[in-house]
Amino acid sequence: MPIVRELAPTLLGLAVLALIATAVLALYRVPHRWAPVLAIVRGAAQLAVISVILSGVITSPLWVSLALLVMFGVAAATATHRVGWSAEHAGMMAAAMAIGVGTTLVVVFATGAIELSARYALAIGGIVIGNAMSIATLAGRRFTETVDDRWDEVEGWLALGATPRQSTLEQARAAVYSALIPSVDQTKTTGLVTLPGAFVGAIFGGVSPLEAGRFQVVVLAAIMCTGALTAVIVAAWLAPVRVRPARLR
C-alpha cells in the first residue's frame with residue numbers, strides 16, 4: 001500500500017528512537033523505563049486522530065472552542081495527577097490554569113498582537129495550555145518536595161509563631177522560580193539554541209520569516225505570562241502547610 005511505504009521510514013525512525021531511550025533507561029535501572037515508549041505511541045495515536053478531526057473543524061469557532069475545552073480538561077487532570085489526586089488539587093489546578101490561560105489569551109487578542117480567528121485561537125491556545133500544565137506540575141511538585149526536605153526549618157518557624165503560609169513562603173517562591181526555569185531558558189535561547197516548531201512550521205508553510213517571528217515572539221511572551229500566573233497561584237494555594245507533605249512518586 002502506498003501509504004504504508006510512505007510512512008515506513010517515519011515508523012522505523014520512531015521505533016529506533018524509542019528503543020534507544022528505553023535501552024538507556026533500562027541499563028541505568030530507571031523506574032518506569034517504558035514511559036517514553038508509551039508516551040510516543042500514545043502521542044502518535046492522538047495526533048493522528050486530532051489531525052483528522054481538526055482538518056474539518058479548524059475554521060469553526062464553536063468546534064475550536066470545544067477542542068480547547070477538551071485540551072484544558074485533560075491538561076488540568078494530568079497536572080492534578082502529578083501532584084496527588086484530590087478534589088482540592090483538581091480545583092486548584094483548574095483555577096490556576098484557567099486564570100493563567102484566560103488572562104493571556106484575552107491580552108493577546110484584545111491588543112491585536114495576534115488576529116482573533118479560530119485558527120490562531122486553536123494554535124496559541126493549545127500551546128499555552130500545554131505549557132501551563134507543565135509549569136503547574138513543576139510548581140506543585142517542587143513546592144511539596146522542598147517543604148518535605150526542609151521540614152525541620154518549617155517546623156521551627158511554626159514553633160516561633162509564624163503562620164503556616166509564612167513558614168513556607170520561601171519554599172513557595174523557590175518553587176515558582178524553579179517551575180519557570182525551562183520556559184525562561186527556552187525564551188532566552190530562541191534563535192540561538194532552538195528554533196521553535198511554530199516558527200519553523202510557519203516558514204515551511206509559506207509565511208514570511210518576519211511574520212513567523214512576530215507570531216513566535218507573541219507565543220513566547222504568552223507562555224511566560226501564563227506560566228507566571230499559574231505557578232504563583234499553585235504555590236500560593238499550597239503554601240499554608242500544617243503537616244509534613246507526603247513524598248511524591
Side-chain angles (χ1 to χ4, degrees), residues 3-54 67-68 70-85 89-90 93 97 101 122-123 125-146 148-149 175 177-190 192-201 204 216 219-220 223 226-227 230-231 234 246-249:
I3 190 170
V4 174
R5 288 195 298 269
E6 183 178 347
L7 291 177
T10 300
L11 295 174
L12 176 61
L14 290 174
V16 173
L17 292 172
L19 178 62
I20 292 173
T22 304
V24 169
L25 297 178
L27 288 173
Y28 203 63
R29 298 183 180 180
V30 176
H32 310 294
R33 64 198 62 167
W34 291 101
V37 174
L38 296 177
I40 292 171
V41 173
R42 178 173 172 175
Q46 291 170 174
L47 281 174
V49 173
I50 200 66
S51 297
V52 174
I53 295 174
L54 292 182
L68 289 174
V70 172
M71 292 178 189
F72 181 86
V74 174
T78 301
T80 302
H81 173 71
R82 289 298 185 185
V83 299
W85 185 268
H89 285 169
M93 288 301 185
M97 291 173 59
V101 173
L122 181 63
I127 291 171
V128 296
I129 288 172
N131 280 273
M133 174 187 70
S134 299
I135 291 171
T137 298
L138 290 173
R141 291 182 67 87
R142 182 57 180 164
F143 173 80
T144 301
E145 291 167 354
T146 303
D148 179 57
D149 290 339
Y177 173 73
S178 295
L180 292 175
I181 286 177
S183 298
V184 171
D185 287 349
Q186 179 187 30
T187 302
K188 289 195 303 183
T189 59
T190 296
L192 295 176
V193 178
T194 61
L195 290 176
F199 174 76
V200 175
F204 286 173
Q216 186 59 51
V219 167
L220 292 173
I223 291 172
T226 301
T230 302
V234 169
R247 172 64 69 171
L248 296 172
R249 291 183 296 172

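Please read all numbers here as calculations on a predicted model, not as lab measurements.
For the atom pair CG (L19) and CG (L14), the distance works out to 12.5 Å, reported to the nearest 0.5 Å. Atom CZ of residue R141 and atom CD of residue E145 lie 5.5 Å apart, to the nearest 0.5 angstrom.
Across A67 and L122, no two heavy atoms sit closer than the pair CB-CD1, 4.3 Å. Heavy-atom minimum distance, V219 versus I127: CG1-CG2, 3.7 Å. Of all heavy-atom pairs between G126 and L68, the closest is N-CD2, 3.8 Å. The nearest pair of heavy atoms linking I135 to S183 is CD1-OG, 3.5 Å. Nearest approach of T230 to A132, heavy atoms of both residues: CG2-O, 3.9 Å. For I129 against M97, the heavy-atom pair with the smallest separation is O-CE, 4.1 Å.
Using a distance-only test at 3.5 Å, with no hydrogens or angles considered, no donor-acceptor pair links the side chain of R142 to the main chain of A179.
The closest side-chain heavy-atom distance from I223 to T187 is not below 4.5 Å. Put simply, the side chain of H32 does not reach to within 4.5 Å of the side chain of L38, judged on heavy atoms. Residues T144 and D148 fail the side-chain proximity criterion, which asks for heavy atoms closer than 4.5 Å. In this structure, the side chains of T146 and S178 stay at 4.5 Å or more apart for every pair of heavy atoms. Residues L220 and T190 have side chains in contact (heavy-atom distance under 4.5 Å, counting atoms from C-beta outward).
Residues passing the side chain to side chain contact (heavy atoms under 4.5 Å, CB included) test with L17: none are found, sequence neighbours excluded.
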